[in-house]
**Student:** 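Just dropping this structure here.
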Amino acid sequence: MNKLISIEEAVNHIEDGMTVMIGGFLAVGAPIRLIDALVEKGVKDLTLVVNDTAFIDTGVGKLIVNKQVKKVIASHIGTNKETGRQMNEGEIEVELVPQGTLTERMRAAGFGLGGILTPTGVNTMVEEGKKKIEVEGKEYLLELPLKADVALIKGAKVDKKGNILYNKTAQNFNPTMATAAGTVIVEADEVVEIGEIDPNVVMTPNIFVTYIVDGGAK
Amino acid sequence: MNKLISIEEAVNHIEDGMTVMIGGFLAVGAPIRLIDALVEKGVKDLTLVVNDTAFIDTGVGKLIVNKQVKKVIASHIGTNKETGRQMNEGEIEVELVPQGTLTERMRAAGFGLGGILTPTGVNTMVEEGKKKIEVEGKEYLLELPLKADVALIKGAKVDKKGNILYNKTAQNFNPTMATAAGTVIVEADEVVEIGEIDPNVVMTPNIFVTYIVDGGAK
Amino acid sequence: MDKNKVKEIIAKRVAQEMKDGDVINLGIGLPTLVANYISDDIDVILQSENGFVGIGPSPKEGEEDLDLTNAGGQLVTIKKGGAFFDSATSFGIIRGGHVNATVLGALQVDSKGNLANWMIPGKMVPGMGGAMDLVVGAKKVIVAMTHTAKGSPKILKECNLPLTAAGQVDLIVTEMGVMEVTDKGLLLKELGPGVTIEDIKAATEAELIISEDLKEMEI
Amino acid sequence: MDKNKVKEIIAKRVAQEMKDGDVINLGIGLPTLVANYISDDIDVILQSENGFVGIGPSPKEGEEDLDLTNAGGQLVTIKKGGAFFDSATSFGIIRGGHVNATVLGALQVDSKGNLANWMIPGKMVPGMGGAMDLVVGAKKVIVAMTHTAKGSPKILKECNLPLTAAGQVDLIVTEMGVMEVTDKGLLLKELGPGVTIEDIKAATEAELIISEDLKEMEI
């Protein structure tokens, strides 16, 4: 099982119309080389699941600017004016999800839960169309699992079996996205041999990772 | 904020009738010195939340043998015959919870969820008394949060601020229990100075830990 | 009053709410300034919802780490004893009540403790980010903002913008005063420097209940 | 037949179900033996629900690590490239369908794929441990067991003991044969060494549909 593939091979796993999760928080911890390859390939009609749409010239923001996205599911789009413009013009659909709910919905999908009850969003616009369930006198929203066809994530150090270490705040959504997609592709700042990562501190176990690309950052 | 206290001080936080979570999987990763001190102190009518009741002479099993427990919430009691005997004689109440549901219920309590939907236990005895919710044509049980007054956990290396590293399979329920109790006491195999643990590999962040005891194993 | 002076008053007063051992989340903008005024005598742990506890000051030149930013995307540092984690854990900490207080700005806040700070329909829809989780999850919600926006009251009888959360605000701190949200409405507990009861009433749409112990902010 | 020979037949046959790259959870007892017969030509990752992937063989004398056990509490090792995690992640992996197959024993299994293996009311109530999650979550559920218990059938028309899970079993492997759970009932696909259709029918309460491609186990 050789998981190490080229960036070109990697982006071939992404086709028009797919739902794609991409890690990163304002582009920190985003797999920027995979994103660039995706921009170059020009696949379109993507549904993007991201924390935010980053900036017009950095991270997933480029995919928005390049009009490859038909729908965005995110907690924040304010740092990329093009997302707002396309939304106001009706060119793109935007589903805003509270950040904690976004990560829990992914985790539910990845970890086999049918949903989770969260107090976040009760009595706000967020509750529209959702089931409200009362537990011990308190109201919660039933939030449903959110999964993707492909997840593109970034690791700092990845061994050839797929075990991942993340670095500092570049961790963010990456570990949870790794659980919630059919195909998981990790862009590694550094690829190391199997055995070089202490099994005790692995942050994403190899079984979640389908392919590894060497991002060449190190 | 000095979190480092003696084992004697630590067990003083546990009173008759309290609900206490104790980490460990068949006693691996159990805070055995805290348990021994609890046996010595003799607090009673405890509700124990544990994965299993270990063995009659090891781990939390000793608390059962010493008749300090009125109720056990666990996934498995088969390795400790005394638990089964007390249950059959009506001396103790036992609530059996599937292992994955047990850890999710704790996590829900620790992480502010009103409950989670799991497919585990549907159409079995486990569903008795629980709400069934259908999501996209599949049935799930609504499982509710499970919290404790005190959690006793074990860490391999703990800095004086309370950041914890666990070792290998001694991790098990400890990290989740650390989120789900009012007071969290960690028994450290080794206490180290603040700054000696890389913030990038901390497994339980300091904010969850109320007190640290030096287990003296190292 | 000078804009920076206004911010300083608010940030200084909010900082007085912090207690030793507290875990605090400071929102982007004005709330971030609170960190500058927390007493050195207490150990307050700042949480960053993008994934760590122990926010330190801005890095020195040449010591920047592109993988270490706060929730506003600014380069920061981590204090000794801090810890990184993923977003799921970060919001578990927030939703689970492990954050003692969150400090945020507001577009509107009302006498029931309702808060609107995430969108203006048809105009500004940046998304709620982590705000909805923070306001629902933190033990104490402190709104830190200028008392009015271009002269218009922001403290209303009832919010008319889409809510961030209903009934979650505990305390409102502005340059004009400190107001606690109570079952009976907003209790004015402190007045800003040189501000009279009449001044603050005139700048507030919501009813203010005047505390028997009303005093001037000590800043 | 010799008891150990019986176990060997079952374990060898189950091992043939494994494919390169599979993540497999082996239950305590007989299923554990399957590991001994997995082809060296494929890379199979064994998951241990107490918290790791990459179970290795028993440790050499003097190299035991008390913090490294399998779900049965036995001292084991971890293979190069393995990874440890906590129980929440472990059961996330299990419930989330990231385990390709789980192999477990049974007290009873029936023609609808129902499984009973966790309690006998009034007698044995050890608890379900991780079994209920495994059976619901794993992509493929393989029951590996002796065909009868003291001569009594364990493959029934309908289980009468409390279920571990309803309708989740995919394949039943015993020393007498291999049966697939289908919409129409149990499809007998292979016969054990020296076993006739009459033999297995006599030892089975459930109806058996005989496969057109019925063959003998190759072990």
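Numbered from 1 within each chain, the chains take letters A, B, ... in sequence-line order.
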**Student:** Name all pairs fulfilling the side chain to side chain donor-acceptor pair (under 3.5 Å) condition that reach into residues 147-156 of chain B, sequence neighbours left out, sorted by first residue then second.
**Tutor:** K154(B)-D189(B)

**Student:** Which heavy atom of Q99(B) sits nearest a heavy atom of F91(D), and at what distance?
**Tutor:** OE1-CE1, 3.3 Å

**Student:** Among G78(B), A74(B), P98(B), which has the most heavy-atom pairs under 4.5 Å with chain D?
**Tutor:** P98(B)

**Student:** Check for a donor-acceptor pair, side chain of R95(D) on one end and backbone N or O of T118(B) on the other, with a separation under 3.5 Å.
**Tutor:** no

**Student:** Just wondering, more than 12 heavy atoms not from E91(B) lying within 6.0 Å of its CD?
**Tutor:** yes

**Student:** Starting at CG of N50(D), measure out to CG of N51(B) and round the result to the nearest 0.5 Å.
**Tutor:**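 Interatomic distance, N50(D) CG to N51(B) CG, rounded to 0.5 Å: 9.0 Å.
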
**Student:** I'd like to know whether CG of N160(D) has more than 12 heavy-atom contacts from other residues, nucleotides or ligands below 6.0 angstrom.
**Tutor:** yes

**Student:** Please classify the contact between M124(D) and chain B as side chain, backbone, both or neither, with a heavy-atom cut-off of under 4.5 Å.
**Tutor:**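 Nothing of M124(D), per the 4.5 Å heavy-atom cut-off to chain B.
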
**Student:** How about K5(D): does its NZ atom have over 12 heavy atoms from other parts shown lying under 6.0 Å from it?
**Tutor:** no

**Student:** M87(B) versus chain D, heavy atoms under 4.5 Å apart: side chain, backbone, both or neither?
**Tutor:** side chain

**Student:** Other residues, nucleotides and ligands only: do more than 12 of their heavy atoms fall within 6.0 Å of CG on L156(D)?
**Tutor:** yes

**Student:** So which heavy atom on T169(B) is nearest to which on L68(D), and how close?
**Tutor:** OG1-CA, 3.4 Å

**Student:** Could you look at A88(D) and say if it's the side chain, the backbone, both or neither that has a heavy atom under 4.5 Å from chain B?
**Tutor:** both

**Student:** Sort T164(D) into side chain, backbone, both or neither according to what part of it lies under 4.5 angstrom from a heavy atom of chain B.
**Tutor:**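 Only the backbone of T164(D) comes within 4.5 Å of chain B.
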
**Student:** Suppose a student defines contact as a heavy atom less than 4.5 Å from any heavy atom of chain B. Which residues in residues 9-34 of chain D would they list?
**Tutor:**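 Hits under 4.5 Å: none found.
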
**Student:** Which pair of heavy atoms, one from M132(D) and one from G121(B), lies closest together, and at what distance?
**Tutor:** SD-CA, 4.2 Å

**Student:** Taking all heavy atoms of A71(D) and all of F25(B), pick out the closest pair and write down the distance.
**Tutor:**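 Heavy atoms of A71(D) and F25(B) come nearest at O-CE2, 3.4 Å.
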
**Student:** Heavy-atom pairs under 4.5 Å with chain D: which of M125(B), E104(B), H76(B) has the most?
**Tutor:**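 Among the listed options, the one with the most contacts to chain D is H76(B).
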
**Student:** For E40(B), I'd like to know if atom CD has over 12 heavy atoms of other residues, nucleotides or ligands within 6.0 Å.
**Tutor:**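 At most 12 heavy atoms, drawn from other residues, nucleotides or ligands, come within 6.0 Å of this atom.
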
**Student:** Quick check on K79(D): does its NZ atom have over 12 non-hydrogen neighbours (other residues, nucleotides or ligands) under 6.0 Å away?
**Tutor:** no

**Student:** Check whether N114(D) gets within reach of chain B through its side chain, its backbone, both or neither, counting any heavy atom under 4.5 Å.
**Tutor:** neither

**Student:** Would you mind telling me which of V97(B), T79(B), N88(B), T53(B) has the largest number of heavy-atom pairs within less than 4.5 Å of chain D?
**Tutor:**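 Answer, by heavy-atom pair count under 4.5 Å with chain D: V97(B).
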
**Student:** Are any non-hydrogen side-chain atoms of N174(B) and D86(D) less than 4.5 angstrom apart?
**Tutor:**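 When only atoms from C-beta onward are counted, D86(D) and N174(B) do not touch, as no gap falls below 4.5 Å.
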
**Student:** Who wins among G72(D), G129(D), G167(D), A165(D) for the most heavy-atom pairs under 4.5 Å with chain B?
**Tutor:**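 Most heavy-atom pairs under 4.5 Å with chain B: G129(D).
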
**Student:** Roughly how far, to the nearest 0.5 Å, is CZ of R107(B) from OG1 of T89(D)?
**Tutor:**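 Interatomic distance, T89(D) OG1 to R107(B) CZ, rounded to 0.5 Å: 9.0 Å.
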
**Student:** Only pairs of heavy atoms separated by less than 4.5 Å count here; which of T120(B), V122(B), T176(B) has the most with chain D?
**Tutor:**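 Winner by heavy-atom pair count: T120(B).
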
**Student:** Over all heavy atoms of both residues, which pair between D133(D) and G100(B) is shortest? Give the atoms and the distance, please.
**Tutor:** OD2-N, 2.8 Å

**Student:** Starting at CG of L26(B), measure out to CG of N70(D) and round the result to the nearest 0.5 Å.
**Tutor:** 9.0 Å

**Student:** Taking side chain as C-beta onward, heavy atoms only, is V126(B) less than 4.5 Å from M128(D)?
**Tutor:**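 Counting from C-beta outward, V126(B) and M128(D) do come under 4.5 Å.
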
**Student:** Hey, is the main chain of A166(D) close enough, under 3.5 Å, to the side chain of N123(B) for a donor-acceptor pair?
**Tutor:** no

**Student:** Pick from I94(D), D65(D), V136(D), D67(D): which one has the most heavy-atom pairs with chain B under 4.5 Å?
**Tutor:**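 Answer, by heavy-atom pair count under 4.5 Å with chain B: D67(D).
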
**Student:** Mind ranking S90(D), G127(D), A116(D), P126(D) by heavy-atom pairs under 4.5 Å with chain B and telling me who comes out on top?
**Tutor:** P126(D)

**Student:** Compare every heavy atom of V28(B) with every heavy atom of T69(D), then report the nearest pair and how far apart it is.
**Tutor:** OG1-CG2, 3.7 Å

**Student:** In the structure I gave you, are the side-chain heavy atoms of V125(D) and L96(B) within less than 4.5 Å of one another anywhere?
**Tutor:**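 Heavy-atom side-chain distance check passes, below 4.5 Å.
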
